[in-house]
**Student:** 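My questions all concern the structure below.
Chain naming here is simple, since letters A, B, ... match the order of the sequence lines and numbering starts at 1 in each.
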Amino acid sequence: MGRIEITRWRPEYELELLKRWEEEGLYREVVDLAADESYVVIDTPPPYPSGAWGVAQAAHYAQIDMVARALRLLGYKVLAPFYADRNGLPAEVATEKAFGIVAHEMAKTPEGREAFLRLVSELLDKNEEALVRVWKRLGCAFDYWPDGTDSPRYRAMTQATFIEMWKRGLVYRDVKPVQWCPRCRTSLAEAEIDFVKEVGRLYYVKFRVLETGEEVTIATTRPELLAACGAVIYNPRDDRYRHLEGKHAVVPVYGHSVPILAHEMARPEYGTGLAMMCSYGDVRDLVFFKEQGLKPRVIVEKDGTMNRLAGPLEGLKVEEARRRIVEMLRGEGLLVNEEEIVHEVPVCWRCKTPVEIIHVEEYFLRQLDFKDDVLRVADSMEFYPVEHREKLDIWVKSLAMDWPISRTRYYGTEVPIWTCTKCNHVILPAPGKYVRPWRDPPPVDSCPSCGAPRDAIVGESRVFDTWFDSSVSVLYVVNWLERPEVAARALSRALRPQGYDIIRTWLYYTTLRTWLLTGRPPFRWVRITGMGLDEKGRAMHKSLGNVIYPEPYLEKYGADAFRFWSAVASRLGSDYRWSEATVRSGLLFATKIVNIARFVTSFEEPRGGASLRPLDRAMIAYAARTAREVAEGYGKLDVYEPTLKLYHLIWDVFASNYVEMVKPRVYGRAGFSEAEVAGAVHALYRVLRLSLKLLSPIMPFICDYIWRAVEGGTVARERLTEDDLRDEGGDPGLMERVVELNSAIWKWKKERGMRLGERVEGVLYLPEELRDVAEDVKRFHRVREVAVGKPEAWDFELMPGVYLALDRGTG
RNA sequence: GGGCCCGUCGUCUAGCGGCUAGGACGCCGCCCUGACGCGGCGGAGGUCCGGGGUUCGAAUCCCCGCGGGCCCA
């Protein structure tokens, strides 16, 4: 077949191959979930197109592609889609910034809302395009689905899951305290909250003990919440206040009395050691009120102003209220002291407004009732590596609240509900169609409950938390909406690849939702990767300014080199550190492979008539053993171990030892038979081919390039066969011994200042187990004579059992 | 503030109760080049995060710190 002419691997060759792959349709693997048996569905993480990928994300997707290709090599059909997660706040914010607009203003009319949505969508299109460009350049053979999570198809499915859960009573509408941004006027998920260090003031306020009249001092940063104070606490270990147990404190200004309790939440060293608990200053208050069964008194409104219950502070913004109450306290001599402190304040991540906790009506998904089920389901999935399963278990056990799933935002899947304003009756559409209640007419002509006319029925304007969408990604991939039975079965062939940072969100929510909807585990396999770190070992964040982008490195070293790094950067599940040096090693490895192939293909492959020497069989057996190990690693969804093993096989054993040893034979200067020469060439081709197949999931470009020259066709369609794993009766251990022996002889020559090709005038004595390769060793190292056994006298013991007796009298 | 995970040459790691802690990348020196400046041989580099304990014996088990990460507050 063809010969390899190039001597060096260059990134430009990859661009040529990409074109061919595109033409040959390599990216479209047709998997019929209903008919095919042996397939794997990959629930590729739909990325959020809010910005460009750094090397960490690029590496993550490259690894997913390696797994997909590896599973194909092992004989599975693999569905590996790629689509974008396009719902959510970040794109809205970016759009507001780019055009200097405010979503809440525009969305006051349906037309304005529509216009805003178009702008967001266009921005997403642009960003998504950039992501697609990167993974294609990386050689990822994903099936690109232009329909992302904001497509009518996906949203119809999300809504169908909601309708189903509503009907089964799994979601409900309720008024509960949530974290709220007064400026954006929306509930916030935990993920949407930032903490900023801020210089604030700690105020020491005098309270009176109801029963004894004693005066105590309480330190607080939120004196404006005095009206909402529900308790005063001290730490149970704090002797100073133990005598207050069971008594009550009278709240200054407002005059109501609250219980004084011992509680772990109080920190003795903070302020005076006495703290007031209000509804609500922060999340700890929330937990406290719930735990103690205290009745909250909500004094802050949705717009961040104080209400009637705040008495003299009514109508003031929170900050103004704080100034006012401080003046009042000071005037009455109740302010004992104030000091400056630096504390962490929870703020809305987008506008940095301090978050308030207030009661609002939202939709909630019941999750507390299903903790045991989720644990059981999680237990039935295979985790790679298994250690990370615990993160999910721990999280599930710690859950304390139902999941608020609605958001007052715009670019998201709408909550598919209409409500009758007359009787509060809830009207749901039929599942299967994407509806927009803020714009679409209700699906009924009059209220089915009270008969109120159509215009008394209003559509819900809120959208879902993005996790509500993304937690059904696997159902989208298996097409649950259209073929629920087929989809449910396909879940048993589904694989989830993701980072460990979102186990508590994406993996948890997916497990919960899939189990509730289908009664099954969402996945058979869960593959958990670590986080990408910069060269100094810090997580890469835009805010830290240490994000490294892949493009310049792809241009300089190529995708194979980049993929090589991402495969060997760390063991599966551990954090991986960026290393340009390793990327460079990847390129050198590709060049090495080119030259091995160049050497091998300079000989015509024999058609029969080959006689294999034991050395050839040993090499083949060694390669076959590696192949089995690599296949096993791939089967465990690992690319780290397989890549290191292949590197060792190809470079250290095959190139440095076997190839060098057979040179005397194939160049015809050692007096071997024709059949034996053919045997060497046969083995060279055999090992080359096997290496290319095995390495093709990791470095598809170089492998495909050579495969096309040697075999014709693409290596991407090749499967690992029984034939590949045959060892020809050879002994892999023999090959290892040969490597050791060569090393020992090289070292000996080196120490004596000899050139490696220099003749050795003497007799080399080999142990019995190396008898079969004696002739090859003799020709390779140019030793005058090789014998087997231990001599009576010798000059050097090169390694245990190997002796060298030099000739006498000649020099 | 809480929970969990992790700390072995500069880096990635092997070892998980018992030989002088092994390998790879990088670095330094020497050498080589009829596939490849690709490599070969040698060298430097580790108090196995620190402290205490268990044990005849600990990188390995236990406890306390310190440092890093993730998540939740």
Side-chain angles (χ1 to χ4, degrees), chain A residues 3-9 179 190-191 193 195 264-267 269-270 282-288 343-344 346 385 387-395 397-401 499-505 507-508 528 530-531 533 535-539 564-565 567-571 573-603 640-641 643-645 647-648 650-652 654-657 659-660 662-664 666-667 669 684 688 742-758:
Chain A
R3 295 172 67 132
I4 300 294
E5 303 297 345
I6 59 175
T7 57
R8 190 173 233 200
W9 186 247
Q179 311 210 58
E190 275 81 7
I193 290 169
F195 288 84
E264 290 292 341
M265 269 184 195
R267 284 179 287 158
E269 70 287 356
Y270 186 80
D282 58 26
V283 178
R284 290 172 50 211
D285 288 336
L286 189 69
V287 173
F288 182 83
H343 60 156
E344 294 220 316
E387 304 91 84
H388 285 305
R389 181 206 309 275
E390 200 170 340
K391 284 197 165 72
L392 181 59
D393 284 9
I394 290 165
W395 172 236
K397 286 174 186 155
S398 76
L399 288 168
M401 280 191 277
Y500 64 70
D501 54 332
I502 49 175
I503 287 176
R504 290 162 178 206
T505 46
L507 183 57
Y508 165 67
I528 302 288
M531 300 292 105
L533 308 175
E535 241 156 0
K536 295 195 184 88
R538 295 174 311 175
F564 177 81
W565 161 71
V568 301
S570 84
R571 221 174 45 235
S574 305
D575 292 347
Y576 48 101
R577 193 175 284 212
W578 171 247
S579 160
E580 185 175 351
T582 306
V583 177
R584 191 176 156 267
S585 301
L587 179 57
L588 294 180
F589 187 34
T591 291
K592 188 74 186 177
I593 294 167
V594 163
N595 284 291
I596 292 168
R598 189 173 141 85
F599 173 76
V600 173
T601 57
S602 69
F603 305 99
Y640 172 80
E641 290 285 344
T643 308
L644 290 181
K645 289 213 157 85
Y647 189 85
H648 180 66
I650 293 169
W651 203 315
D652 303 334
F654 188 52
S656 297
N657 285 276
V659 166
E660 294 302 327
V662 297
K663 272 183 185 173
V666 295
Y667 282 140
R669 62 166 144 79
L684 287 170
L688 173 65
N742 286 338
S743 194
I745 296 172
W746 282 328
K747 182 178 172 185
W748 178 81
K749 281 190 174 177
K750 158 81 187 152
E751 278 165 355
R752 310 223 346 141
M754 295 170 70
R755 283 177 297 107
L756 296 186
E758 207 167 317

**Student:** The side chain of A:Asp501 is closest to which nucleotide in this list: B:rG39, B:rC71, B:rC12?
**Tutor:**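 From the listed options, B:rC71 comes nearest.
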**Student:** Looking only at the side chain of A:Glu390 (C-beta and beyond, no hydrogens), which of the listed nucleotides B:rC5, B:rG40, B:rC36 gets closest?
**Tutor:**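 Nearest listed nucleotide: B:rC5.
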**Student:** Does any N or O donor sit under 3.5 Å from an N or O acceptor when you compare the side chain of A:Lys592 with the base of B:rC36?
**Tutor:**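 Yes, a donor-acceptor pair under 3.5 Å.
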**Student:** About how many Å separate CG of A:Leu507 and CH2 of A:Trp395, when rounded to the nearest 0.5 Å?
**Tutor:**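 CG of A:Leu507 is found 12.5 Å from CH2 of A:Trp395.
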**Student:** For the side chain of A:Arg504, counting heavy atoms from C-beta on, which of B:rG69, B:rG39, B:rG3 is nearest?
**Tutor:**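 Looking only at heavy atoms from C-beta outward on A:Arg504, the closest nucleotide is B:rG3.
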**Student:** State whether A:Arg571 places a side-chain N or O below 4.0 Å from either non-bridging phosphate oxygen (OP1 or OP2) of B:rA14.
**Tutor:**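 True: A:Arg571 side-chain N/O within range (under 4.0 Å) of B:rA14 OP1/OP2.
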**Student:** Kindly point out which of B:rG40, B:rC72, B:rC36 is positioned nearest to the side chain of A:Thr591?
**Tutor:**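 The answer is B:rC36.
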**Student:** Check this one for me: any side-chain N or O of A:Ser743 less than 4.0 Å away from OP1 or OP2 of B:rC41?
**Tutor:**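 So the side-chain polar atoms of A:Ser743 do come within 4.0 Å of the phosphate oxygens OP1 or OP2 of B:rC41, strictly under.
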**Student:** Give the rounded distance in Å between these two atoms: CG of A:Leu507 and C1' of B:rC70.
**Tutor:**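 After rounding, the gap between these two atoms is 15 Å.
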**Student:** Measure distances between side-chain N and O atoms of A:Arg598 and base N and O atoms of B:rC36, and say whether any donor-acceptor pair falls under 3.5 Å.
**Tutor:**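 Between B:rC36 and A:Arg598, which were checked side chain against base, a qualifying N/O pair under 3.5 Å is absent.
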**Student:** Whole Å only: how far is the CD1 atom of A:Ile394 from the P atom of B:rG2?
**Tutor:**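 Going from A:Ile394 (CD1) to B:rG2 (P), I get 16 Å.
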**Student:** So, is A:Lys747 close to the B:rG42 phosphate, meaning a side-chain N or O under 4.0 Å from OP1 or OP2?
**Tutor:**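 Checking B:rG42 against A:Lys747, a side-chain N or O does come within under 4.0 Å of OP1 or OP2.
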